[in-house]
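Below is one structure, written out as structure tokens; comments come after it.
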Amino acid sequence: FYIINDKVVMSGAAGNGEYKIIKKNIRGLLAINSSFIGKDFGLETILLDKKEKLFIYKMYINSKEKDNIVEVKGFCDFTN
């Protein structure tokens, strides 16, 4: 993850993209990204917790056939 101004940029084997920061404080931040892929809707959230040094990434895809939710948790470190 890279934090640039009001965005979080995710780049890695699991995926990549830009996420708009909607909440930022001393403890960490919450960022989102949403998009339509054809008739399907996708929503992704990233929570970076500076105190616990962890991240939570969630992806929700709504399609005609079914809804899918993916959650990835892990540890991260922060540098200035």
Side-chain angles (χ1 to χ4, degrees):
F1 300 102
Y2 300 95
I3 301 169
I4 303 170
N5 299 323
D6 65 341
K7 294 181 183 173
V8 172
V9 178
M10 180 175 74
S11 178
N16 58 50
E18 288 187 7
Y19 303 81
K20 179 158 179 58
I21 296 172
I22 59 170
K23 182 70 177 176
K24 185 176 184 179
N25 59 33
I26 197 161
R27 172 132 187 176
L29 61 88
L30 174 65
I32 63 167
N33 180 3
S34 63
S35 62
F36 283 96
I37 304 167
K39 293 182 180 181
D40 298 340
F41 174 74
L43 178 65
E44 298 171 288
T45 62
I46 296 174
L47 173 67
L48 299 176
D49 186 331
K50 291 182 180 181
K51 184 176 180 183
E52 302 295 326
K53 295 186 178 180
L54 62 87
F55 72 89
I56 300 172
Y57 167 78
K58 284 190 179 183
M59 177 178 64
Y60 168 76
I61 297 177
N62 176 289
S63 68
K64 286 185 176 180
E65 297 166 12
K66 62 180 179 176
D67 294 342
N68 294 303
I69 298 175
V70 175
E71 179 176 282
V72 177
K73 294 181 181 182
F75 295 98
C76 60
D77 204 355
F78 294 86
T79 60
N80 292 332

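This one's a predicted model, so the numbers in the text were calculated from it and none came from an experiment. Side chains included, hydrogens not; waters and symmetry mates left out as well; all remaining heavy atoms used.
- Across Tyr19 and Ala31, no two heavy atoms sit closer than the pair CB-CB, 3.7 Å.
- The number of heavy atoms from other shown groups lying within 6.0 Å of CG (Asn5) does not exceed 12.
- Put simply, NZ on Lys24 and CD1 on Ile3 are 6.0 Å apart, with the number rounded to the nearest 0.5 Å.
- Side-chain contact check for Thr45 versus Tyr60: every heavy-atom pair is 4.5 Å or farther apart.
- Side-chain contact between Ile32 and Ile21 is absent, with no heavy atoms from C-beta onward closer than 4.5 Å.
- Atom CZ of Phe55 and atom CG of Asp49 lie 12.5 Å apart (nearest 0.5 Å).
- With a 4.5 Å cut-off on side-chain heavy atoms, Tyr2 and Val8 do not count as touching.
- Clustering ILVMFWY residues whenever any of their side-chain heavy atoms sit less than 4.5 angstrom apart, transitively, puts Phe36 in the very cluster that holds Leu43.
- When side chains are defined from C-beta on, Phe78 counts as touching Leu48, because their heavy atoms get closer than 4.5 Å.
- Here SG of Cys76 is found 9.5 Å from NZ of Lys53. Values are rounded to the nearest 0.5 Å.
- Residues Leu30 and Ile46 fail the side-chain proximity criterion, which asks for heavy atoms closer than 4.5 Å.
- Put simply, the side chain of Glu18 does not reach to within 4.5 Å of the side chain of Met10, judged on heavy atoms.
- For the atom pair Leu29 CG and Lys7 NZ, the distance stands at 14.5 Å (nearest 0.5 Å).
- Residues Lys50 and Ile26 fail the side-chain proximity criterion, which asks for heavy atoms closer than 4.5 Å.
- The closest side-chain donor-acceptor pair between Tyr57 and Glu71, if any, does not fall under 3.5 angstrom.
- Counting only distance, with no hydrogens or angles, the side chain of Asp67 and the backbone of Asn62 share no donor-acceptor pair below 3.5 Å.
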